[in-house]
Asker: 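Sending over a structure as structure tokens; questions will come in a sec.
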Amino acid sequence: MAARAITVVALLCVVLPAAAQRTVLQIIQQENRAASFSTIFEASGITLDSGDQWTVFVPTNNPTDASWPSTAPNSLQQDLIKFHLHRGSLSAAQLASSGVVSTELSNEVLTVRTNAANRVFVNDGRVTNTVEGSDGVVHFVNKVLIPTQYASLESDLETMVQSGSVSPSISLFAQLVQKATWSGAFANNEPLTLFAPQDEYFATLNVDIASITTAQAQSVLQGHAVIDYLTEADFSTSWATFSSMAADNSIVVFQSARTNKMYWNGYEIVKTDLVALDGVLHIVDGVEVQLPANTLVSIQDTLFADALTALPTIAAQLSQPGPAGLTLFLPLEDDALTPFTSDTAVLKTVVENHLVSGPLPLAEYVGASVPSLAGNALAIDVLPDGNMTVNGVLVVDSYFTATGYVYVILGSLLPPGVTSPTTQPTTGTTPGGDTTVVPENTIYFNVQTNPDVLDLYNLVLSVASPHPDVVAAITTPGIKTFLAPTNAAVGDLLAAIGQPSVDQLADVLLYHVIPDTDILPTSFTVNEL
């Protein structure tokens, strides 16, 4: 029998690593289609516990670029990533039959279904490919998966109002959004930060939303919106300025140095960080129809013009006060500081005594004193009727500008030792400012010293010097009857007038003076006056 030759061939080969030898994290990092998700995942700081099996749903690049809220705060980004993670390994077959899949985001699950063409969908995202790894599985989907707790800002606003889940209520602001239409007011501008006035303050506008035009509604909304994703963490602790969507309109956010409360355009932010996918909503206790991007100096162009002409350095400071902002107590009278323009040193001290460093929400400082830029204490107080005073001078109006608060006052705040013939007199002097003592039994003296008519006292002093008719009515010898309104009555009047002129105040005062008549309460008769 012939022997057979047997040839043995030894085949040496290199076995390349299979995909299953990569971890799911390596798959995410190495697959081109996962590049966007990989960048977001790495920036979030989330890690996958070693030793556990994982199923990761990875949105492919195109939908991730288009719909992942990359400008949202990191906490929201982390929540979205957790919603794409399942602890445990689910193969393609296991996923298709799972029905519901738990996620790493608390109380949020994924719904899985298979259509007639045997395509697997996770929520509304279709699984396009599956790659298995050594510690789990990566399923690629063609959409970003959105948790039920997050939606668009528009949808969230509607849900909050309908459910009443947000307090304080912003239902009137929501009506304004409906009037303006979301797309009309904001187009495709996102992300958005909205400052929504609560109903209590929105109602003070006395505007019938149904009667205003769509364009007007859009204008108001845009004045409350910033094209950016701004959470409380983005607001400066001192002073930060943002451009609103409205033309030439600024938004200022700052934190009170006294209470640490946050303020928007001078109004308190009562609730922050109602977060949505495409923006964030903050609730405020005031409404701005329009806040021009002006400065303190523009407010007083006519009122402080003469004084500031002699003080270019202070004028520049008012225009650009720096990051902390300023507060100005602005005398109502046009020429309150004119008498001091001949002495620059005194003028500088007087102007600085009307300025305080930093934004001051006056209500927070009741019963306290704040230092003026001149170094003098300014005492803040409130009258029983709610009107505010500074060093006893009545505050009749207020503004908030892009560089600080402006409080209009019925008088001026002269530093100690500084007097003027045209400013309010001290108790016991005539309105003209001389040293003639007013007898204690005169009406003028009693108006000065009677706390029940303190508002009227300030009113008298603010108009007596510049208006000769008032000076004559108060100081001219002869019998007269003076009808003095109470604090509450004067406060209501000032609120109704707004920022009254000297002539208007003079008319009001003269209307309360009956010359050449001595009317006692015992002689009052109905309709006699």
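Note that this is a predicted model, so its numbers are computed, not measured.
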Asker: If we only count heavy atoms from C-beta on, is the Leu110 to Thr103 side-chain gap below 4.5 Å?
Answerer: yes
Asker: So, does Thr111 use its side chain to make a donor-acceptor pair with the main chain of Val100 at under 3.5 Å?
Answerer: no
Asker: Should the heavy atoms of other residues, nucleotides or ligands under 6.0 Å from CG of Asn115 be counted, would the total exceed 12?
Answerer: yes
Asker: Would you say Leu153 and Phe186 make side-chain contact, with heavy atoms under 4.5 Å?
Answerer: no
Asker: Using a 4.5 Å cut-off on heavy atoms from C-beta on, say whether the side chain of Ile227 contacts that of Phe242.
Answerer: no
Asker: Kindly give the heavy-atom pair with the smallest separation between Ala96 and Val120, and that separation in Å.
Answerer: CB-CG2, 3.8 Å
Asker: Between Lys143 and Arg126, is there a donor-acceptor pair closer than 3.5 Å when you use the side chain of the first and the backbone of the second?
Answerer: no
Asker: Going from CZ on Arg113 to CG on Asp124, what distance comes out if it is rounded to the nearest 0.5 angstrom?
Answerer: 8.5 Å
Asker: Indicate yes or no: at least one non-hydrogen side-chain atom of Pro168 is less than 4.5 angstrom from one of Ile283.
Answerer: yes
Asker: Does Ile27 offer a backbone N or O that forms a donor-acceptor pair with the side chain of Gln30 under 3.5 Å?
Answerer: no
Asker: Side chains of Gln198 and Val284: does their closest heavy-atom pair fall under 4.5 Å?
Answerer: no
Asker: Just checking Phe329 against His354, ring centres under 6.0 Å apart?
Answerer: no
Asker: How about CZ on Arg119, more than 12 heavy atoms from neighbouring residues, nucleotides or ligands closer than 6.0 Å, or not?
Answerer: no
Asker: If every non-hydrogen atom of Pro197 is compared with every non-hydrogen atom of Gly286, which pair is closest and at what distance?
Answerer: CB-O, 3.4 Å
Asker: Roughly how far, to the nearest 0.5 Å, is the CG atom of Leu330 from the OG atom of Ser398?
Answerer: 11.5 Å
Asker: Let me see the working for Val356 and Leu373 under side-chain contact (heavy atoms from CB on, under 4.5 Å), right down to the final yes or no.
Answerer: CA-CA 6 Å; Val356 175; Leu373 294 189; over 6 Å; no
Asker: Can you list the steps and then say if Gln78 with Ser44 is a side chain to side chain donor-acceptor pair (under 3.5 Å)?
Answerer: CA-CA 6 Å; Gln78 290 180 339; Ser44 73; 5.4 Å; no
Asker: Just do the side-chain contact (heavy atoms from CB on, under 4.5 Å) check on Asp135 and Asp52 with the steps written out, would you?
Answerer: CA-CA 7 Å; Asp135 60 347; Asp52 287 342; over 6 Å; no
Asker: How far does CZ of Arg87 sit from CD of Gln53, to the nearest 0.5 angstrom?
Answerer: 11.5 Å
Asker: Give the minimum heavy-atom separation between Arg33 and Val131, together with the two atoms involved.
Answerer: NH2-CG2, 3.8 Å
Asker: For this output row, return yes or no: ring centroids of Phe195 and His282 closer than 6.0 angstrom.
Answerer: yes
Asker: Checking the side chain of Asp228 only, and the main-chain atoms of Leu230 only, is there a donor and an acceptor separated by less than 3.5 Å?
Answerer: no
Asker: Tell me if a side-chain donor or acceptor on Glu154 pairs with a main-chain N or O of Trp182 at a distance below 3.5 Å.
Answerer: no
Asker: Does atom CD (Glu42) have a neighbourhood of more than 12 heavy atoms from anything else shown, all under 6.0 Å?
Answerer: no
Asker: Which atom names give the shortest non-hydrogen contact between Ser152 and Ala276, and what distance separates them?
Answerer: C-CB, 3.8 Å
Asker: Apply side chain to side chain donor-acceptor pair (under 3.5 Å) to residues Glu364 and Thr259 and explain how you reach the verdict.
Answerer: CA-CA 8 Å; Glu364 291 189 3; Thr259 63; 2.8 Å; yes
Asker: As a test of understanding, state which of Tyr263, Trp264, Tyr267, Phe235 forms a ring-ring contact (aromatic ring centres under 6.0 Å, His included) with Phe254.
Answerer: Tyr263
Asker: Does a salt bridge link Glu31 with Arg22, judged by any charged N lying under 4.0 Å from a carboxylate O?
Answerer: yes
Asker: A side-chain contact here means heavy atoms from C-beta on lying under 4.5 Å apart; do Ile409 and Leu413 qualify?
Answerer: yes
Asker: Should Thr159 and Asp156 be marked as a side chain to side chain donor-acceptor pair (under 3.5 Å) after you check the CA-CA gap, both sets of side-chain angles, and the distance that decides it?
Answerer: CA-CA 5 Å; Thr159 300; Asp156 270 358; 5.2 Å; no
Asker: Using modelled atom types only, decide if a donor and an acceptor are shared between the side chain of Gln255 and the backbone of Asn260 within a distance under 3.5 Å.
Answerer: yes
Asker: Donor-acceptor pair, distance only, cut-off 3.5 Å: does the side chain of Ser98 make one with the backbone of Val101?
Answerer: no
Asker: Where does the angle between the aromatic ring planes of Phe400 and Tyr405 fall among parallel (under 30°), tilted (30 to 60°) and perpendicular (over 60°)?
Answerer: perpendicular
Asker: Give me the one residue out of His86, His84, His139 that meets ring-ring contact (aromatic ring centres under 6.0 Å, His included) with Phe57.
Answerer: His139
Asker: Decide if atom CG of Asn32 counts as having more than 12 heavy atoms of other residues, nucleotides or ligands within a radius under 6.0 Å.
Answerer: no
Asker: I'd like to know whether Leu176 forms a side-chain contact (heavy atoms from CB on, under 4.5 Å) with Leu221, so could you lay out the CA-CA distance, the side-chain angles of the two residues, the decisive distance to 0.1 Å, and finally the verdict.
Answerer: CA-CA 8 Å; Leu176 191 72; Leu221 284 179; 3.7 Å; yes
Asker: Less than 4.5 Å apart, side chain to side chain, heavy atoms only: is that true for Thr241 and Ile251?
Answerer: no
Asker: So, taking the atom named CG in Leu76 and the one named OH in Tyr229, what distance separates them when rounded to the nearest 0.5 Å?
Answerer: 5.0 Å
Asker: For Asp234 and Thr193: C-alpha separation, side-chain torsions, deciding distance, then whether side-chain contact (heavy atoms from CB on, under 4.5 Å) applies.
Answerer: CA-CA 11 Å; Asp234 297 306; Thr193 297; over 6 Å; no
Asker: Do Val350 and Pro415 have side chains that get closer than 4.5 Å, going by heavy atoms?
Answerer: yes
Asker: When rounded to the nearest 0.5 angstrom, what distance separates CD in Glu200 from OG in Ser169?
Answerer: 11.0 Å
Asker: Quick one: pull up CD1 in Ile46 and CD1 in Ile81 and give me the separation to the nearest 0.5 Å.
Answerer: 4.5 Å
Asker: Using every non-hydrogen atom in the two residues, find where Thr181 and Gln218 come nearest and quote the distance to one decimal.
Answerer: OG1-NE2, 4.2 Å
Asker: Using atom types as modelled and distance alone, determine if a side-chain donor or acceptor of Gln77 lies under 3.5 Å from a backbone N or O of Ile40.
Answerer: no
Asker: Would the distance check show the side chain of Asn391 and the main-chain N or O of Ala379 forming a donor-acceptor pair, the cut-off being under 3.5 Å?
Answerer: yes
Asker: Check whether any side-chain N or O of Gln175 sits under 3.5 Å from a backbone N or O of Leu172 as a donor-acceptor pair, and report yes or no.
Answerer: no
Asker: Write down the atom of Val395, the atom of Leu362, and the distance for their closest heavy-atom approach.
Answerer: CG2-CD1, 4.2 Å
Asker: Test Thr389 against Asp381 for side chain to side chain donor-acceptor pair (under 3.5 Å), laying out the working first.
Answerer: CA-CA 5 Å; Thr389 64; Asp381 210 343; 5.3 Å; no
